[in-house]
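For reference, the structure is listed below as structure tokens.
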There are 2 protein chains.
Amino acid sequence: MNEGVEWALHSCLNLAWIGGERAVTAARLAAYHELPAAYLNKQLQALSRAGIVSSVSGPKGGFRLARPLDRITLMDVVTAIEGPEEAFRCTEIRRQGPGAAPAGPDAPRCAIAGAMGKAELAWRRALADQTLDDVRERAEAQAPGAPDRIRRWFAGM
Amino acid sequence: MNEGVEWALHSCLNLAWIGGERAVTAARLAAYHELPAAYLNKQLQALSRAGIVSSVSGPKGGFRLARPLDRITLMDVVTAIEGPEEAFRCTEIRRQGPGAAPAGPDAPRCAIAGAMGKAELAWRRALADQTLDDVRERAEAQAPGAPDRIRRWFAGM
DNA sequence: GCAGCACTACTCGGATATGAAGTGTCCGAGTACTAAAGG
DNA sequence: CCTTTAGTACTCGGACACTTCATATCCGAGTAGTGCTGC
């Protein structure tokens with residue numbers, strides 16, 4: 001899985017803790033975790049295209065969350081970064097070679113693809129059932145001082 | 001996800017339909033679906049290392065299932081081909097940069113990694129709950145003639 | 001005729017090329033602020 | 001003093017290199033069969 005997913009998730013949480021009144025530049029978000037700024041910018045662009053964050057150009061520009069955390073699921077972020085295609089893609093090799101199934105275009109779905117798809121559906125469902133707000137809540141329970149520390153760093157610099 | 005997973009799953013089912021009295025070469029299995037033989041051989045080697053199939057060198061050599069289908073789960077095959085590492089790997093970026101959490105080595109798990117891990121666990125559980133025998137059963141229900149066709153092709157050539 | 005043995009043919013196994021995709025970087029398009037100039 | 005306007009600095013957005021991993025291939029190690037040789 002793409003490493004940008006992790007960066008995007010952390011950045012979204014950071015954006016939420018900072019507060020939405022002011023846009024935050026990709027360079028700031030990157031500096032906070034010592035990430036390559038231009039590449040994080042690329043990931044944030046993907047989030048922007050997916051409507052998860054909104055972007056503003058120019059001075060005082062940057063990114064901010066497009067909607068509250070409880071309306072952003074993990075699935076949204078993963079899809080925005082990784083793309084919508086399934087991890088297991090059936091190439092229908094049963095139709096190739098001397099053993100090609102003679103069935104027509106209305107053939108039932110490949111049983112293997114069905115089984116793998118069932119597992120992937122469970123994964124997607126688990127991702128869609130968790131919002132970023134759930135994650136934030138657990139993170140704050142683990143580190144109550146984090147939100148203030150983050151807000152202060154982004155405000156002070 | 002690696003394309004070899006699909007090939008490995010189909011090959012395992014084919015091996016089961018052929019029957020275990022005779023080993024089948026990688027070239028034969030590949031020809032049946034017009035796959036590159038040497039590369040399929042590589043995937044079968046991975047299955048062999050995982051103990052899913054057993055391999056025999058030399059003339060009359062080849063591969064055969066090491067245990068019945070109902071003792072092989074989808075998880076086994078995926079792990080054999082893709083490796084045991086998780087798809088989402090947390091790089092602990094929360095520890096990097098000016099906002100590094102000051103916690104010691106006994107810090108709780110990153111909330112983001114926990115949430116992603118929960119989804120991945122659902123995926124792995126769904127894979128582990130399905131055996132290749134379940135898949136075979138469904139495949140035969142869809143295409144009752146397939147087993148005989150496969151057995152005949154591999155025997156006749 | 002039979003046992004032993006060297007040889008050949010065949011297959012797996014891992015080491016070796018190739019290509020695509022993820023990773024990282026750079027420059028142009030666009031915008032808000034600044035400041036100077038004119039009325 | 002206020003308005004207008006040109007300029008400037010800053011940021012996103014997409015186009016351009018580089019690195020890593022999946023894909024594909026090839027050759028050596030090892031084995032079973034085969035046929036020949038010698039007894």
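Lettering follows sequence order; numbering is per chain, from 1. This one's a predicted model, so the numbers in the text were calculated from it and none came from an experiment.
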Whole Å only: how far is the [atom1] atom of [X] from the [atom2] atom of [N]?
X: B:Trp7; N: D:dA22; atom1: CH2; atom2: P; answer: 14 Å
X: A:Tyr39; N: D:dC12; atom1: OH; atom2: P; answer: 17 Å
X: B:Glu34; N: D:dA24; atom1: CD; atom2: C1'; answer: 17 Å
X: B:Gln45; N: D:dA22; atom1: CD; atom2: P; answer: 16 Å
X: B:Leu40; N: D:dA24; atom1: CG; atom2: C1'; answer: 12 Å
X: B:Met1; N: D:dT23; atom1: CE; atom2: C1'; answer: 17 Å
X: A:Glu3; N: D:dT19; atom1: CD; atom2: P; answer: 17 Å
X: B:Arg28; N: C:dC10; atom1: CZ; atom2: P; answer: 12 Å

Regarding B:Ala27, tell me which of base, sugar-phosphate or nothing describes its non-hydrogen contacts under 4.0 Å with the strands shown.
nothing

For a quick check of understanding: with a heavy-atom distance under 4.0 Å over all strands, which category does A:Ala23 fall into, base, sugar-phosphate or nothing?
nothing

List the atom pairs, with distances to 0.1 Å, where a side-chain N or O of residues 65-88 of chain B and a protein N or O form a donor-acceptor pair under 3.5 Å, not counting sequence neighbours.
from    : atom 1 : to      : atom 2 : distance (Å)
B:Arg67 : NE     : B:Arg71 : O      : 2.6
B:Arg67 : NH1    : B:Gly51 : O      : 3.2
B:Arg67 : NH2    : B:Arg71 : O      : 3.4
B:Arg67 : NH2    : B:Asp76 : OD2    : 3.3
B:Thr73 : OG1    : B:Met75 : N      : 3.4
B:Thr73 : OG1    : B:Asp76 : N      : 3.1
B:Thr73 : OG1    : B:Asp76 : OD1    : 3.4
B:Thr73 : OG1    : B:Asp76 : OD2    : 3.1
B:Asp76 : OD2    : B:Thr73 : N      : 2.9
B:Thr79 : OG1    : B:Met75 : O      : 2.9
B:Glu82 : OE2    : B:Asn2  : N      : 2.7

Find every protein N or O atom lying less than 3.5 Å from an N or O atom of nucleotides 15-21 of chain C, and list the pairs.
none

Name all residues meeting the side chain to side chain donor-acceptor pair (under 3.5 Å) criterion together with [X]; count only those two or more places apart in sequence or in a different chain, and write none if there are none.
X: B:His33; answer: B:Asn14
X: A:Asp129; answer: none
X: A:Thr131; answer: A:Asp134
X: B:Thr91; answer: A:Glu6

Using five pairs at either end of the helix from C:dG1-D:dC39 to C:dG39-D:dC1, determine the angle between the two local helix axes and round it to 10 degrees.
10°

Any side-chain N or O of B:Asn41 less than 4.0 Å from the OP1 or OP2 oxygen of C:dG13?
no

Salt bridge (charged side-chain N to carboxylate O under 4.0 Å, His left out), that's the test. Do A:Arg94 and A:Glu92 meet it? Break it down for me.
CA-CA 5 Å; A:Arg94 61 173 174 166; A:Glu92 290 288 339; 2.9 Å; yes

I'd like to check A:Leu29 versus A:Phe154 (side-chain heavy atoms, cut-off strictly below 4.5 Å). Are they in contact?
yes

Taking the side chain as every heavy atom from C-beta outward, state whether A:Arg138 and A:Gln130 have any pair of such atoms under 4.5 Å apart.
yes

Would you say B:Arg124's side chain and A:Ala119's backbone share a donor-acceptor pair under 3.5 angstrom?
no

Apply side chain to side chain contact (heavy atoms under 4.5 Å, CB included) to residues B:Leu127 and A:Met116 and explain how you reach the verdict.
CA-CA 7 Å; B:Leu127 287 180; A:Met116 294 297 292; 3.9 Å; yes

Between D:dC12, D:dT25, C:dC12, which nucleotide gets closest to the side-chain atoms of B:Ala38?
D:dT25

Side-chain atoms of A:Phe63 come closest, of C:dT25, D:dT23, D:dG13, to D:dG13

Looking at DNA chain D, which of residues 11-21 of chain B put a heavy atom within less than 4.0 Å of it?
none

With A:Arg151, which residues qualify under salt bridge (charged side-chain N to carboxylate O under 4.0 Å, His left out), at least two apart?
A:Asp148

Not counting sequence neighbours, which residues clear salt bridge (charged side-chain N to carboxylate O under 4.0 Å, His left out) with B:Arg136? List them please.
B:Asp133, B:Glu140

Among pairs that include at least one residue of residues 37-57 of chain A, which meet ring-ring contact (aromatic ring centres under 6.0 Å, His included), considering only residues two or more places apart or in two chains?
A:Trp7-A:Tyr39

Please write out each protein N/O paired with an N/O of nucleotides 28-32 of chain D under 3.5 Å, distance rounded to 0.1 Å.
none

Could you pick out which residue, A:Ser48 or B:Pro36, lies toward the 5' side of DNA chain D when each is mapped onto its nearest nucleotide?
A:Ser48

Is there a chain of hydrophobic side chains (I, L, V, M, F, W, Y, each step under 4.5 Å between heavy atoms) that links B:Ile150 to B:Val24?
yes

